Amino acid sequence: MRLGRRLPRSFYARPTLVVARDLLGRVLVYDGPHGRRAARLVEVEAYLGRLDPASHAFRGPTARTTVMFGRPGVAYVYFIYGNHHCMNVVAHRPGVAGAVLLRGAEPLEGLGDDPRALAGPGRLGRAFSLTIAHTGWDLVRSPLHLRAGAPVSPRDVLRSARIGIAESVTSGKLWRFAVRGSSGVTR
DNA sequence: CGAATGATCCGA
DNA sequence: CGGATCATTCGA
């Protein structure tokens with residue numbers, strides 16, 4: 001598969017929900033110490049900052065979350081449950097905060113051949129050896145970045161409530177997007 | 001189902 | 001400074 005061109009800053013400088021949907025089929029690349037790793041994104045969730053009680057940015061900027069109030073196209077990686085590193089892409093219009101959680105992908109290069117190895121945000125983080133030290137990395141310029149890949153047709157996009165966010169179920173927020181039938185999708 | 005396991009944040 | 005919480009995963 002062709003990885004395509006690096007996504008420009010303008011890709012991320014749009015409403016978070018628009019970016020989330022558009023991220024399906026795009027390619028996460030890390031030219032790291034162990035060579036190139038690449039995977040096709042198949043599951044994401046949008047987190048809408050101060051408007052969204054489930055967002056880490058809901059209560060305003062802190063040492064951990066300040067990056068989500070800044071420049072779009074930057075990585076936000078958090079550590080959760082004492083075990084897992086999960087990666088977000090900062091994405092929003094100017095003046096607000098927002099990010100897209102990368103929840104699942106299909107291995108393309110340098111990631112072995114288990115089709116489920118990147119199914120789930122914690123597993124994706126592990127596969128790419130991500131840590132909170134990657135927070136702040138600029139995806140437009142750094143070895144960790146996103147490429148155009150191939151956008152996914154609307155009929156192949158599933159939309160649902162976010163996983164593990166009870167408030168999202170009761171409020172009917174359908175802010176999770178996934179590629180129908182992909183092995184890299186959770187559940 | 002529940003345990004693992006630690007960073008983070010809020011309230012005192 | 002203590003403890004509640006947590007955008008998860010794995011195994012019984």
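Below, chains carry the letters A, B, ... as their sequence lines are ordered, and counting in each starts from 1. From a predicted model like this one, the values you see are computed outputs, not experimental measurements.
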[N] [atom2] sits how many Å from [X] [atom1], rounded?
X        : N     : atom1 : atom2 : answer
A/Ile165 : C/dA7 : CD1   : P     : 5 Å
A/Tyr81  : B/dG6 : OH    : C1'   : 13 Å
A/Met68  : C/dA7 : CE    : P     : 11 Å
A/Arg162 : C/dC6 : CZ    : P     : 13 Å

Residue pairs, two or more places apart or on separate chains, that pass ring-ring contact (aromatic ring centres under 6.0 Å, His included) and touch residues 84-130 of chain A: A/Phe79-A/His85

Donor-acceptor pair, side chain of A/Thr66 and main chain of A/Ala63, under 3.5 angstrom: no

A/His134 side chain to A/Ile132 backbone, donor-acceptor under 3.5 Å: no

Non-hydrogen atoms of A/Leu108 and A/Leu3 that approach each other most closely: CD1-CD2, 4.0 Å

Shorter than 3.5 Å, N or O on both sides, protein versus nucleotides 9-12 of chain C: list them out with atom names.
| residue | atom | partner | partner atom | Å |
| --- | --- | --- | --- | --- |
| C/dT9 | OP1 | A/Pro121 | N | 3.1 |
| C/dT9 | OP1 | A/Gly122 | N | 2.7 |
| C/dT9 | OP1 | A/Arg123 | N | 3.3 |
| C/dT9 | O4' | A/His84 | NE2 | 3.2 |

DNA chain B: stems of at least 3 consecutive Watson-Crick or G-U pairs whose donor-acceptor distances fall under 3.5 Å: B:1-4 with C:8-11, B:6-11 with C:1-6

Partners meeting salt bridge (Lys or Arg N to Asp or Glu O under 4.0 Å) with A/Arg180 (sequence neighbours left out): none

For A/Thr65, side chain to side chain contact (heavy atoms under 4.5 Å, CB included) partners two or more places apart: A/His56, A/Thr62, A/Met68, A/Phe69, A/Tyr76

Partners meeting side chain to side chain contact (heavy atoms under 4.5 Å, CB included) with A/Asp114 (sequence neighbours left out): A/Arg116, A/Ala117

Rounded to the nearest 0.5 Å, how far apart are [atom1] of [X] and [atom2] of [Y]?
X        : Y        : atom1 : atom2 : result
A/Tyr78  : A/Cys86  : OH    : SG    : 3.5 Å
A/Leu146 : A/Leu102 : CG    : CG    : 7.0 Å
A/Leu158 : A/Phe177 : CG    : CZ    : 11.0 Å

Stretch residues 85-102 of chain A: residues that reach within less than 4.0 Å of DNA chain C through a heavy atom: A/Asn88, A/Leu101

Pairs flagged by salt bridge (charged side-chain N to carboxylate O under 4.0 Å, His left out) wherever residues 71-91 of chain A is involved - sequence neighbours left out: A/Arg71-A/Asp138

Residue pairs fulfilling salt bridge (charged side-chain N to carboxylate O under 4.0 Å, His left out) with at least one residue in residues 87-113 of chain A, sequence neighbours excluded: A/Arg40-A/Glu106, A/Glu43-A/Arg103, A/Glu45-A/Arg103

Side-chain donor/acceptor contact of A/Tyr78 with base of B/dA7 under 3.5 Å: no

From A/Lys173, A/Arg187, A/Arg176, residue fulfilling side chain to side chain donor-acceptor pair (under 3.5 Å) relative to A/Ser160: A/Arg176

Distances for protein N/O vs nucleotides 3-5 of chain C N/O pairs under 3.5 angstrom?
none

Residues forming a side-chain hydrogen bond (donor to acceptor under 3.5 Å, both in side chains) with A/Arg162, sequence neighbours excluded: A/Asp52, A/Ser168

cation_pi(A/Arg14, A/Phe11) dist<6.0 Å, angle<=45: yes

Report each atom pair, protein N/O against N/O of nucleotides 8-12 of chain B, whose distance is under 3.5 angstrom.
| residue | atom | partner | partner atom | Å |
| --- | --- | --- | --- | --- |
| B/dC9 | OP1 | A/Thr62 | OG1 | 2.2 |

